[in-house]
Amino acid sequence: MATTQPDRSPRVANREQRFQPAEVSNYEIVSHYFTTAADRLGLQDDVRAVMSSSYREVQVQVPVRQADGRIHVYSGYRVQHNGARGPYKGGVRYHPDVDLDEIRALAQLMSWKTAVVNIPFGGAKGGVNCDPSQLQGDEVQQITRSFIDKIEKVLGPTRDIPAPDVNTNAQVMAWMMDEYGKLHGHTPAIVTGKPISLGGSYGREAATGRGIVLCFREAAPHLGLTPPDTRAVVLGFGNVGSWAACILQDLGAKIIGISDVSGAIHHEAGIDCHALREHLRHGGRLDDFDDVEPISPDELLALDCDVLIPAALGGMIHAGNADLIRARLIIEGANSPTTPRADEILSEKDIEIVPDVLANAGGVIVSYYEWVQNLQHFTWDEREVNDRLGTRMRKAYREVRSRSTKDDVPMRVAAFELGIERVVDVARTRGYI
Ligand code: NAD
């Protein structure tokens with residue numbers, strides 16, 4: 001068995017207003033879970049070497065002329081981890097902490113995720129190390145177009161298909177599609193998560209959040225929970241967190257705590273998530289929303305609740321704060337939110353975890369449907385998209401759950417094993433390994 005990676009986060013109360021990620025990198029987190037599953041599968045060293053490294057890593061300069069007339073050079077990355085099961089697929093994030101190691105880890109995670117939910121894609125990820133909150137005028141558009149110009153040679157509807165992730169959205173995807181189209185002609189299937197008017201799919205924006213709620217509905221009966229008697233806490237209120245919260249609230253659950261990069265809030269009777277989303281959309285802050293009590297990130301984690309949905313960045317549940325958690329179920333909306341040491345602590349506390357590679361796969365599933373619709377020049381209505389999403393998520397959940405029960409391992413181990421096994425199997429059949 002692999003040894004647990006050291007988690008160097010201090011065990012002290014966190015008085016900062018935003019969550020402090022662990023000092024364990026996303027790469028260390030993903031490598032640890034990969035190694036645990038690869039050991040259990042008895043993967044040979046040569047196969048392991050292929051599966052744990054990237055097929056291709058591209059790093060490019062992204063020069064942008066700022067509002068003050070000076071040029072700033074950002075770094076852009078696209079990592080293609082494994083394409084045995086189909087074209088590379090994965091989001092692009094804009095965040096100051098983006099570096100090659102992080103994108104490498106997230107690309108690998110995508111390979112296992114697309115395999116766990118059995119869609120015909122490989123795994124990739126991209127990013128630019130910019131801070132969108134500091135950008136002005138059309139700088140986000142310039143960064144997007146410049147980045148696509150630099151990496152277009154490794155993209156294509158049958159090669160590699162980007163999508164939204166942290167700080168990127170449908171508008172950014174529209175610019176990507178437009179820039180790629182200048183070089184290759186009109187190609188809607190080059191990105192997913194586009195605006196509906198440009199070939200985006202109904203249901204894509206909500207899909208990751210909806211997938212999280214589908215996992216909740218599968219897990220809830222085992223814990224004796226029904227939506228109306230469920231109290232949830234959501235860490236991160238962007239695309240994934242806000243949709244998960246709103247859909248859960250629509251089922252009757254109370255969302256009693258929410259956080260974003262600016263801080264955290266609590267309201268025991270339940271926060272109106274739809275109204276909060278509107279409030280934020282119109283420039284409001286989390287802590288000036290009606291009737292809520294501002295709390296610290298540690299107090300948020302310590303709330304007495306049934307479900308915790310981490311939906312911000314990686315490493316936010318770590319050795320320094322895992323012990324505070326009182327939820328019975330954690331559904332990982334974010335990628336690699338839980339460090340290996342935190343995973344052990346939560347397991348000792350008997351807290352069930354639905355892992356990222358299953359829980360947040362709703363987005364890539366509907367991205368797959370968007371790509372299929374684009375290739376067919378055809379549009380499905382929202383009900384059809386959501387029905388197909390539900391069928392695929394439930395099947396994947398039950399496959400992972402039954403493997404976890406049969407082998408008496410956590411769902412994370414079962415999911416990683418399933419994903420790795422499927423990729424290795426196809427790579428062997430193709431003669432790649
Ligand atoms: P987003 O940019 O829309 O939202 C991110 C949220 O996290 C924001 O509310 C932000 O304020 C919050 N946040 C950032 N730093 C924080 C901090 N230090 N403390 C507390 N909150 C903080 O991004 P998203 O698309 O919702 O992605 C969130 C997570 O879900 C990421 O890990 C992403 O990789 C993963 N994910 C996204 C999708 C998707 O379809 N967008 C799919 C699968 C997984």
Side-chain angles (χ1 to χ4, degrees), residues 17-19 132-133 164 166-171 193 195-196 200 202-217 220 225-313 316 327 329-331 333-334 337 359-360 362-363 366 382-383 385-386 389:
Q17 281 317 298
R18 65 170 64 182
F19 275 86
S133 69
V166 174
N167 290 327
T168 58
N169 56 18
Q171 175 61 75
I196 306 277
Y202 289 107
R204 172 61 186 90
E205 196 190 306
T208 310
R210 192 174 298 284
I212 289 166
V213 177
L214 285 160
C215 288
F216 165 74
R217 299 197 78 161
L225 287 173
T226 61
D229 60 40
T230 294
R231 295 178 322 145
V233 167
V234 180
L235 195 173
F237 200 70
N239 172 283
V240 177
S242 69
W243 276 106
C246 287
I247 298 170
L248 209 49
Q249 176 185 317
D250 292 346
L251 290 176
K254 281 195 183 68
I255 315 302
I256 63 165
I258 290 177
S259 72
D260 71 5
V261 70
S262 70
I265 53 171
H266 171 224
H267 185 44
E268 198 53 33
I271 300 162
D272 181 343
C273 297
H274 292 281
L276 175 60
R277 199 157 56 179
E278 281 310 299
H279 172 76
L280 296 176
R281 193 170 286 159
H282 290 101
R285 282 173 55 94
L286 210 57
D287 60 4
D288 62 19
F289 188 59
D290 293 342
D291 297 330
V292 298
E293 171 205 0
I295 55 174
S296 72
D298 281 357
E299 287 168 326
L300 182 90
L301 284 183
L303 288 174
D304 184 11
C305 65
D306 303 294
V307 185
L308 172 66
I309 302 173
L313 302 177
M316 294 214 163
L329 172 67
I330 296 177
I331 308 178
N360 69 32
V366 175
E382 187 165 356
R383 172 178 288 197
V385 172
N386 289 346
L389 169 64

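Computed from heavy atoms alone, side chains included, the values below leave out hydrogens, waters and symmetry copies.
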Query raised in the report: What pair of heavy atoms forms the shortest contact from Leu248 to Ala232, and how long is it?
Result: CD2-CB, 3.8 Å
Report summary line: One should read off an interatomic distance between Glu278 CD and Arg281 CZ, to the nearest 0.5 angstrom, of 4.5 Å
**Report entry** Minimal non-hydrogen separation, Pro310 against Ile330, with atom names
**Finding:** CD-CG2, 3.8 Å
Query - Side-chain (Arg210) to main-chain (Gly362) donor-acceptor, under 3.5 angstrom - result: no
Report summary line: Between the CD1 atom in Ile271 and the CZ atom in Arg277, the distance rounded to the nearest 0.5 Å is 14.0 Å
Query raised in the report: Between atom NE2 of His267 and atom CG of Asp291, what is the distance when rounded to the nearest 0.5 Å?
Result: 5.0 Å
Query raised in the report: Does a side-chain heavy-atom distance below 4.5 Å link Ile265 with Leu276?
Result: yes
Query - Exercise: do Asp290 and His279 side chains pair donor with acceptor under 3.5 Å - result: no
Report task. Give the intermediate values and the outcome of side chain to side chain contact (heavy atoms under 4.5 Å, CB included) for residues Thr230 and Phe216. Result -> CA-CA 10 Å; Thr230 294; Phe216 165 74; 3.4 Å; yes
Query raised in the report: So, do Val366 and Thr208 sit near enough that their side-chain heavy atoms are less than 4.5 Å apart?
Result: no
Query - Enclosure of Arg231 CZ (heavy-atom neighbours >12, cutoff 6.0 Å) - result: yes
Query - N-O pairing of Lys254 and Glu268 below 4.0 Å - result: no
Requested in this report: Output the distance between atom CG (Asn167) and atom CG (Asn169), rounded to the nearest 0.5 Å.
Outcome: 9.0 Å
Query - Straight-line distance of Trp243 CH2 to Ile212 CD1, nearest 0.5 Å - result: 13.0 Å
Report summary line: In this structure, CG of Leu280 is separated from SG of Cys273 (nearest 0.5 Å) by 10.5 Å
Report task. Look only at the side chain of Asn239 and the backbone of Glu205, and say whether a donor-acceptor pair between them is shorter than 3.5 Å. Result -> yes
Query raised in the report: So, for Asn360 and Ala334, which heavy atoms are closest and what is the spacing to 0.1 Å?
Result: ND2-O, 3.2 Å
Requested in this report: Dump the intermediate steps for side chain to side chain contact (heavy atoms under 4.5 Å, CB included) on Leu303 and Ile295, then the final yes or no.
Outcome: CA-CA 10 Å; Leu303 288 174; Ile295 55 174; 4.1 Å; yes
Report summary line: For Leu300 and Val233, the nearest pair of non-hydrogen atoms, with its separation, is CG-CG1, 3.7 Å
Report summary line: All heavy atoms of Val385 vs all of Tyr202, minimum pair found to be CG1-O, 3.3 Å
Query - Sole candidate of Ile309, Ile258, Leu301 that passes side chain to side chain contact (heavy atoms under 4.5 Å, CB included) when paired with Leu235 - result: Leu301
Query raised in the report: Do you know which two heavy atoms are closest between Thr168 and Pro164, and how far apart they sit?
Result: OG1-CA, 3.3 Å
